[in-house]
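Here the structure is laid out as structure tokens; the discussion comes afterwards.
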There are 2 protein chains.
Amino acid sequence: MATDPLPVSGDSLNQRLAEKGLRFTSQRQHVYEVLLGQRDHPSAEEVFMRAKQSKPEISMATVYNSLDALVKCGVVRQVNVDRGATLYCSNMNEHAHFCCDDCGKVFDVNLKNSPRVPEVDVPGEFEVRTIDIALHGRCTGTCEDCGRREAHA
Amino acid sequence: MATDPLPVSGDSLNQRLAEKGLRFTSQRQHVYEVLLGQRDHPSAEEVFMRAKQSKPEISMATVYNSLDALVKCGVVRQVNVDRGATLYCSNMNEHAHFCCDDCGKVFDVNLKNSPRVPEVDVPGEFEVRTIDIALHGRCTGTCEDCGRREAHA
DNA sequence: TTTCTTATTTAGAATTATTCCAAGTATTGA
DNA sequence: TCAATACTTGGAATAATTCTAAATAAGAAA
Ligand SMILES: [Mn+2]
Ligand SMILES: [Mn+2]
Ligand SMILES: [Zn+2]
Ligand SMILES: [Zn+2]
């Protein structure tokens with residue numbers, strides 16, 4: 001599916017961070033660029049490995065910090081689909097996630113137009129901010145990884 | 001919200017397990033009863049503590065095994081809302097989860113009638129089996145725990 | 001029943017995922 | 001330019017889950 005046509009970048013990221021009282025740093029920018037560079041659903045560990053390629057001195061702690069900062073300022077979302085590591089998604093369009101229980105890969109799926117968001121009966125004492133929709137099942141197509149539960153993407 | 005009016009029990013659990021080639025054991029039954037006895041959203045650790053009260057010899061590994069077995073045979077669902085431990089829900093009615101980002105508690109919320117399930121555009125190569133809907137926000141009501149992120153329920 | 005086969009349980013070790021820490025460094029704003 | 005504070009870092013610590021190998025229980029067959 002189409003990913004965000006307007007990913008935040010440069011000064012814009014700076015602003016987004018500032019709005020939340022967070023500072024703009026080269027590490028945060030770099031982590032964000034890593035996410036934009038390959039728009040799949042990597043774990044913190046995977047982001048760390050990609051980030052090190054062009055910034056070998058970055059630390060795991062900073063990757064976690066940066067991911068948290070990016071999530072807080074709304075340019076990245078967390079994806080929790082199973083018992084494994086949290087994944088990160090840089091597509092901020094409204095979409096759901098399909099997770100293959102067989103190969104573990106996560107894919108974006110579009111929500112159909114109209115009432116995009118499921119109609120929920122939320123008691124008054126709850127203030128809803130975000131809604132995460134996760135579909136589970138199997139990818140039946142040409143997934144060469146299906147069958148082994150290791151390979152994530 | 002109302003929890004499942006027909007929780008599986010006794011022979012019925014036996015059958016459900018058998019259908020999946022799993023054996024009925026006193027541990028699995030006990031773990032299931034623990035979940036039915038307090039229908040909130042405990043973590044494996046929490047289930048372990050509750051289970052030990054009336055069956056002190058049960059082990060953590062068995063709790064994980066039992067929870068997995070119960071999930072596999074469809075009488076319990078897993079709930080993954082954040083970076084923390086996986087939670088377990090014994091309410092098998094169709095419902096969504098509200099997770100308070102402040103106090104961490106998870107509550108069941110009803111999906112409105114009509115198209116209960118969100119309309120998603122799933123590419124042909126995916127076979128959807130289950131859909132999980134998680135709402136995030138804050139409980140604004142009389143939550144005495146709100147403000148500290150420890151206490152889960 | 002008795003026996004055989006295989007699944008399950010158990011305690012504890014091992015792994016994985018994430019958070020915490022203390023010291024040095026960068027950023028902000030006065 | 002300086003002080004205050006946020007951020008980064010490597011490594012230790014913790015939390016969550018999985019793995020292991022030996023003992024036990026369950027189901028099927030005889
Ligand atoms: Mn996504
Ligand atoms: Mn529930
Ligand atoms: Zn697959
Ligand atoms: Zn709350």
Side-chain angles (χ1 to χ4, degrees), chain A residues 11 13-32 34 41-49 51-52 54-73 78-88 104 148-152, chain B residues 10-11 13-32 34 41-49 51-52 55-73 78-88 104 148-152:
Chain A
D11 286 343
L13 175 59
N14 191 334
Q15 284 171 28
R16 295 287 206 113
L17 287 164
E19 281 167 22
K20 298 288 177 184
L22 298 165
R23 292 180 182 172
F24 177 87
T25 67
S26 68
Q27 290 86 348
R28 287 171 180 177
Q29 179 176 38
H30 183 61
V31 166
Y32 185 49
V34 160
H41 301 88
S43 63
E45 180 69 35
E46 179 64 34
V47 171
F48 180 48
M49 294 197 296
K52 272 197 297 192
S54 43
K55 208 176 207 299
E57 69 281 13
I58 199 170
S59 76
M60 190 71 220
T62 296
V63 168
Y64 272 105
N65 172 335
S66 298
L67 289 169
D68 283 348
L70 295 172
V71 168
K72 255 182 206 138
C73 77
Q78 280 188 323
V79 181
N80 292 106
V81 281
D82 61 17
R83 249 174 354 205
T86 291
L87 307 181
Y88 295 85
R148 25 188 172 120
R149 189 77 183 69
E150 329 121 58
H152 275 242
Chain B
D11 285 345
L13 176 59
N14 191 336
Q15 285 171 28
R16 295 287 207 114
L17 287 164
E19 281 167 23
K20 298 288 176 181
L22 297 165
R23 292 182 182 168
F24 176 88
T25 67
S26 68
Q27 289 88 345
R28 288 172 179 175
Q29 179 176 39
H30 183 62
V31 166
Y32 185 50
V34 160
H41 300 88
S43 63
E45 181 67 36
E46 179 64 35
V47 171
F48 179 48
M49 293 197 298
K52 272 196 298 193
K55 208 177 206 298
E57 70 282 12
I58 199 169
S59 76
M60 189 71 223
T62 297
V63 168
Y64 271 105
N65 172 334
S66 298
L67 289 169
D68 283 348
L70 295 172
V71 168
K72 257 183 206 136
C73 76
Q78 279 189 322
V79 181
N80 291 107
V81 281
D82 61 16
R83 236 148 40 183
T86 291
L87 307 180
Y88 295 85
R148 27 190 170 119
R149 189 80 184 65
E150 329 121 57
H152 274 244

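In what follows, every chain begins at residue 1, and chains take the letters A, B, ... in the order their sequences are listed.
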* Carboxylate-amine/guanidinium contact A:Arg28 A:Asp68, below 4.0 Å -> no

* Structure fact -> B:Asn14 CG to C:dT8 P, in whole Å, measures 12 Å

* Find the distance A:Gln78:CD to C:dT18:C1' and express it as a whole number of Å. => 11 Å

* Side chains of A:His30 and A:Val34: closer than 4.5 Å at any heavy-atom pair? -> yes

* To do: Mind calculating the distance between OH (B:Tyr88) and C1' (D:dA16) to the nearest angstrom?
  => 10 Å

* Would you classify B:Thr86 as touching base, sugar-phosphate or nothing, given that sugar-phosphate means primed atoms plus P, OP1 and OP2, and contacts are heavy atoms under 4.0 Å? => sugar-phosphate

* Structure fact -> Separation of D:dA16 atom C1' from B:Asp68 atom CG, nearest Å, is 13 Å

* Look at B:Arg83 and C:dT19 and indicate whether a side-chain polar atom (N or O) is within less than 4.0 Å of OP1 or OP2. => yes

Table of protein N/O atoms under 3.5 Å from nucleotides 4-14 of chain D N/O atoms:
| unit_1 | atom_1 | unit_2 | atom_2 | d |
| --- | --- | --- | --- | --- |
| D:dT5 | O2 | A:Arg23 | NH1 | 3.3 |
| D:dT5 | O2 | A:Arg23 | NH2 | 3.3 |
| D:dA6 | O4' | A:Arg23 | NE | 3.4 |
| D:dA6 | O4' | A:Arg23 | NH1 | 2.9 |
| D:dA6 | O4' | A:Arg23 | NH2 | 3.1 |
| D:dC7 | OP1 | A:Arg23 | N | 3.0 |
| D:dC7 | OP1 | A:Arg28 | NH1 | 2.8 |
| D:dC7 | OP1 | A:Arg28 | NH2 | 3.3 |
| D:dT8 | OP1 | A:Thr25 | OG1 | 2.7 |
| D:dT8 | OP1 | A:Gln27 | OE1 | 3.4 |
| D:dT8 | OP2 | A:Asn65 | ND2 | 3.0 |
| D:dT8 | O3' | A:Gln27 | NE2 | 3.0 |
| D:dT9 | OP1 | A:Glu57 | O | 3.4 |
| D:dT9 | OP2 | A:Ser59 | N | 3.4 |
| D:dT9 | OP2 | A:Thr62 | OG1 | 2.5 |

* Gap between atoms CD and C1', on A:Glu19 and C:dT28 respectively (whole Å) -> 17 Å

* Asked: Roughly how many Å is it from NE2 in B:His30 to C1' in C:dT9, rounded to a whole number?
  -> 14 Å

* Taking C-beta and beyond as the side chain, do A:Val79 and A:Tyr88 meet within less than 4.5 Å on heavy atoms? -> no

* Asked: Is the closest side-chain heavy-atom distance between B:Gln29 and B:Tyr32 below 4.5 Å?
  -> no

* Between the side chain of A:Thr62 and the main-chain N/O of A:Ile58, is any donor-acceptor distance below 3.5 Å? -> no

* Asked: Between A:Gln27 and A:Ser59, is a side chain to side chain contact (heavy atoms under 4.5 Å, CB included) present by the stated rule, with each step listed?
  -> CA-CA 9 Å; A:Gln27 290 86 348; A:Ser59 76; over 6 Å; no

* **Difference in axis direction between the ends of the helix from C:dT1-D:dA30 to C:dA30-D:dT1, five pairs, 10°** => 40°

* Structure fact -> Rounded to whole Å, the CZ-C1' distance (A:Phe48 to C:dT18) equals 14 Å

* Asked: How far apart are the closest heavy atoms of A:Ala44 and A:Val63, and which atoms are they?
  -> O-CG1, 3.7 Å

* Test item: B:Glu57 and B:Lys52 side chains (from C-beta on) under 4.5 Å apart, heavy atoms -> no

* **Beyond-backbone contact of B:Gln15 with B:Cys73, side-chain heavy atoms, under 4.5 angstrom** => no

* To the nearest Å, how far apart are B:Asn80 CG and D:dT17 C1'? -> 12 Å

